[in-house]
Amino acid sequence: MSVESAIPATPAATPPLVSGGAPLIGHAWNLVRDPLGFFAALRDHGDLVRIRLGPKTAYAVCDPELVGQLLRSPDYIVGGPLWDTLEVLLGKGVATSNGKTHKRQRRMMQPAFRRERIADYAKVMEEEARATAARWQSGDTVDINADMFRTAVRVVSRSLLEVDAIGEKADRIAESLHTVFEGLYRRMVLSVGPLYRVPTQGNRRFQSALADLHAVVDEIVAEGRAADASQGDLLAEMLRAHDESGQPLSDQEIHDHVISLVVAGAENIASTLAWTFHLLAEHPEQERRLVEEVNGVAPDREITFADLKDLPHTRNVVTEAMRIQPAAWIFTRRSVGETTLGGYRIPADADIVYSVYAMQRDPRSFEQHLRFDPDRWNPERASDVPEFAMMPFGTGNRKCPGDHFSLAELAIILATVAAKWHLAPIAETDADTKIGITLQPKRLVLRAERR
């Protein structure tokens, strides 16, 4: 026996418990009252801390390197309060599944998101961006979040799902999803399940919106089944797909995949675009540079997918908007067994939570962290950003498969609209943050001024 093996291992420490919290519900009240401020303040207590959500203890990760370890470790799975809550909406699709089921589902969907396919989808993105820009008249008052949501729903539905007559469905999806997301956030942080079954007006509104959202998805899948089976869209591929054992995706799996695509491809895109136009309105010099860049690349024609490589400032604007105003802002994981993270003990079946909003505004990672500064993503400065401090699409084997699709869509819509319109805030604008599963401006009303 060596001397080293005779020395007992030092047990891992328990992360510090954050003080405060209300009786019975713990820090859940902080997550209702001021969740963004609460998560930002957690970094002052340590890189990994404990918080109380009702009777349960959760572990909050505040350091980018530890978040990277968390997301790349097999010791943790998709689970915890966020995903437990989102199952009501997303079911057991690729976003919420784990293990072999997730690998099977992701493998069957991945071909639709190969880079060479993005150019085909971009034709729809270009058409919808131009249609959006053509809808307005100079002096119009524009609800930019609603308009961007409608555009994003049309893009994901036409490009990935080949849905006919999407206009009416887009309006239904937008109305239902906003109601559902607001209700889901409260259900996540205040886990009082029986109260949500009481037939109050709010609960009835939530259940009605959720039912209508699932009904719209069923209509989309039914249209896909009735369409030409040789179509190359993702829905047609899912309907044709078989795994290694020859088994097709079940009807429920297809339903869950479609709703995940619509949610991610509409809500996140729309929120990001709305925040981007707001930030440009607040920073006219950045807007001027973007418009000059677009006009320099395409002075007498419309922007296309092929032009994106020549629009570095436009890409930087999108990236910086995703940093400072991320749509998806809070994520959770669950430990499989007892393990350690950052030298601290994590028990089995523990809930772990982290906020990309707090991480991406961390002054330890970003100089002038609250400043909208697209130039920070120029190559000579971007290399100074810690590896996991900016993760709009995640990392590891759970990284969003639609990241290239989303970046192309954001850049095409932004460049097309901004080249034609200056969007200026008016008195009715309320750019405070509306807290839900995603972050949205409360009421972003802008005046369209033709260039």
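Taking each heavy atom of Val356 and Ala328 in turn, the nearest pair found is CG2-O, 3.2 Å. Across Phe113 and Gly402, no two heavy atoms sit closer than the pair CD2-CA, 3.7 Å. Pairing each heavy atom of Pro401 with each of Arg106, the nearest pair is CD-NH1, 3.9 Å. The two residues Ser260 and Ala95 have their closest heavy-atom pair at OG-CB, 4.0 Å. In plain terms, the two heavy atoms of Phe305 and Ala122 that are nearest each other are CB-CB, 3.4 Å. Nearest heavy-atom pair, Trp275 versus Pro441, reported as atom, atom and distance to 0.1 Å: CZ2-N, 3.2 Å.
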Let's go through Glu320 and Trp377 carefully: what are the C-alpha distance in whole Å and the side-chain angles of both, what is the deciding distance for side chain to side chain contact (heavy atoms under 4.5 Å, CB included) to 0.1 Å, and is it a yes or a no? CA-CA 8 Å; Glu320 180 69 347; Trp377 299 108; 2.9 Å; yes
Does the side chain to side chain contact (heavy atoms under 4.5 Å, CB included) test come out yes or no for Asn397 and Leu71, once each step is laid out? CA-CA 8 Å; Asn397 65 358; Leu71 299 184; over 6 Å; no
I would like to know whether Thr14 and Arg50 meet side chain to side chain contact (heavy atoms under 4.5 Å, CB included); could you show each step before the answer? CA-CA 9 Å; Thr14 299; Arg50 288 178 295 145; 3.5 Å; yes
Would you check, one step at a time, whether the test side chain to side chain contact (heavy atoms under 4.5 Å, CB included) holds for His404 with Arg114? CA-CA 9 Å; His404 297 294; Arg114 289 176 181 154; over 6 Å; no
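Two residues are said to be in side-chain contact when any heavy atoms from C-beta on lie closer than 4.5 Å; Met322 and Met390 meet this criterion. The closest side-chain heavy-atom distance from Ile413 to Thr132 is not below 4.5 Å. Within the 4.5 Å cutoff, no side-chain heavy atoms of Glu409 are placed close to those of Glu128. Looking at Met148 and Ile144, their side chains come closer than 4.5 Å, going by heavy atoms from C-beta outward. Using a 4.5 Å cut-off on side-chain heavy atoms (C-beta onward), Leu36 and Thr433 make contact. In this structure, Tyr59 and Val49 have side chains that are not in contact, with every pair of non-hydrogen atoms separated by 4.5 Å or more. Contact check for His278 versus Gln325: no side-chain heavy atoms found under the 4.5 Å cut-off. Using a 4.5 Å heavy-atom threshold, the side chains of Ile259 and Val216 count as separate.
Between the side chains of His369 and Arg361, no donor N or O sits under 3.5 Å from an acceptor N or O. At a cut-off of 3.5 Å, with distance as the only test, a side-chain donor of Asp218 or His255 sits close to an acceptor on the other residue. If you check the side chains of Gln252 and Asp256, you find a donor sitting under 3.5 Å from an acceptor. One side chain, Thr304 or Asp307, offers a donor N or O that lies under 3.5 Å from an acceptor on the other. There is no side-chain donor-acceptor pair under 3.5 Å between Asn316 and Asp375. A side-chain N or O of Thr438 and one of Glu267 form a donor-acceptor pair less than 3.5 Å apart.
Side-chain atoms of Asn98 come within 3.5 Å of backbone N or O of Val78 as a donor-acceptor pair. A donor-acceptor pair under 3.5 Å is absent between the side-chain atoms of Thr340 and the main chain of Arg345, judged by distance alone. Checked by atom type and distance alone, the side chain of Ser335 pairs as donor or acceptor with a backbone atom of Pro347 at under 3.5 Å. Checked by atom type and distance alone, the side chain of Arg376 pairs as donor or acceptor with a backbone atom of Arg371 at under 3.5 Å. Using modelled atom types, no side-chain atom of Trp329 and backbone atom of Ser355 make a donor-acceptor pair closer than 3.5 Å. Formation of a donor-acceptor pair under 3.5 Å by the Asp63 side chain with backbone atoms of Leu66 is found in this model. Thr276 places a side-chain N or O within 3.5 Å of a backbone atom of Thr272 that can act as its donor or acceptor partner. At distances below 3.5 Å, at least one donor-acceptor pair connects side-chain atoms of Glu293 with backbone N or O atoms of His313.
The distance from the CG atom of Leu89 to the NE2 atom of His214 is 6.0 Å, given to the nearest 0.5 Å. Distance check, rounded to the nearest 0.5 Å: CG of Leu31 to CG of Leu53 gives 6.0 Å. Separating the OG atom in Ser365 from the CG atom in Asp384 is a distance of 11.5 Å, to the nearest 0.5 Å. Interatomic distance, CG of Leu213 versus OG of Ser208, reported as 11.0 Å (0.5 Å rounding). Taking CD1 of Ile77 as the reference point, atom OG1 of Thr96 lies at 11.0 Å (rounded to 0.5 Å). Between the CG atom of Asp75 and the CG atom of Leu70 there is a distance of 9.5 Å, given to the nearest 0.5 Å.
Electrostatic pairing of Arg158 and Glu127 counts as a salt bridge here, judged by a charged N lying under 4.0 Å from a carboxylate O. A salt bridge does not link Arg443 with Asp432: every distance from a Lys NZ or Arg NE/NH1/NH2 to an Asp or Glu carboxylate oxygen is 4.0 Å or more. A salt bridge links Asp47 with Arg364; the closest basic N to acidic carboxylate O contact falls under 4.0 Å. A salt bridge between Lys123 and Glu126 is absent, with no side-chain N of the basic residue lying under 4.0 Å from a carboxylate O of the acidic one. Between Glu219 and Arg172, at least one side-chain N (NZ, or NE/NH1/NH2) sits under 4.0 Å from a carboxylate O, which counts as a salt bridge.
Cation-pi contact between Arg334 and Tyr76: absent, since separation from the ring centre below 6.0 Å together with deviation from the ring axis within 45° is not met.
Within a 6.0 Å sphere centred on CG of Leu24, other residues, nucleotides and ligands contribute 12 heavy atoms or fewer. At most 12 non-hydrogen atoms from other residues, nucleotides or ligands lie less than 6.0 angstrom from CD of Glu367.
Paired with Phe331 under the rule ring pair (Phe, Tyr, Trp, His ring centres under 6.0 Å), one option of Tyr354, Phe393, Tyr357, Phe39 passes, and it is Tyr354. Checked against Lys56 for a salt bridge (charged side-chain N to carboxylate O under 4.0 Å, His left out), the options Asp84, Asp349, Asp351 give a single hit: Asp351.
Remark: Phe38 engages His27 in a ring pair (Phe, Tyr, Trp, His ring centres under 6.0 Å) (not counting sequence neighbours). Here His45 pairs with nothing under the ring pair (Phe, Tyr, Trp, His ring centres under 6.0 Å) rule; sequence neighbours left out.
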